[in-house]
A.B. asks: 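First the structure, which I've put down as structure tokens, then a few questions once you've had a look.
Just so it is clear, the values below take in all heavy atoms, side chains as well, and ignore hydrogens, waters and symmetry mates. Because the structure is predicted, anything quoted here is derived from the model rather than measured.
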Amino acid sequence: MEVVKMEKTIAEAIKKLDKLKAGNSLAAELSWCWVSYKNDNNPAGVIEKTEKALEVLKAEKEKNSRAVSKKLIADLEGALN
């Protein structure tokens, strides 16, 4: 997991989740997990929330193809691998 790339991608995902008002409190949870990861280097929480964010963003893209960019989804998928 590349920390620099992951940080940018997660920040974009958080902004998009907030803008779409999708995933209830998922944006806040993902943000918290990212800060926690930076402090303790335990990726379990950030990976779990990133996977959930990816699911939510894919669902939003199915509803409206212009709501979420292909690049954001691809970047999140790449960050998880």
A.B. asks: Hey, is CG on Asn24 packed in by over 12 heavy atoms from elsewhere, all under 6.0 Å?
C.D. replies: no

A.B. asks: Output all residues satisfying side chain to side chain donor-acceptor pair (under 3.5 Å) with Lys70, sequence neighbours left out; order by chain, then residue number.
C.D. replies: none

A.B. asks: Side chain of Ser69, backbone of Leu72: donor and acceptor closer than 3.5 Å?
C.D. replies: yes

A.B. asks: In terms of hydrophobic clusters joined by side-chain contacts under 4.5 Å, are Trp34 and Leu80 together?
C.D. replies: yes

A.B. asks: Pairs under 3.5 angstrom only: tabulate donor-acceptor contacts from the side chains of residues 3-23 to other protein residues two or more places apart or in another chain.
C.D. replies:
residue: Glu7; atom: OE2; partner: Lys38; partner atom: NZ; Å: 3.2
residue: Thr9; atom: OG1; partner: Lys5; partner atom: O; Å: 2.9
residue: Lys16; atom: NZ; partner: Ala67; partner atom: O; Å: 3.1

A.B. asks: Side-chain donor-acceptor pairs under 3.5 Å in residues 49-63, sequence neighbours left out?
C.D. replies:
residue: Lys49; atom: NZ; partner: Glu29; partner atom: OE1; Å: 2.8
residue: Thr50; atom: OG1; partner: Val46; partner atom: O; Å: 2.6
residue: Lys58; atom: NZ; partner: Glu77; partner atom: OE2; Å: 2.8
residue: Glu60; atom: OE2; partner: Lys63; partner atom: NZ; Å: 3.4
residue: Lys61; atom: NZ; partner: Ser65; partner atom: O; Å: 2.8
residue: Lys61; atom: NZ; partner: Val68; partner atom: O; Å: 3.0

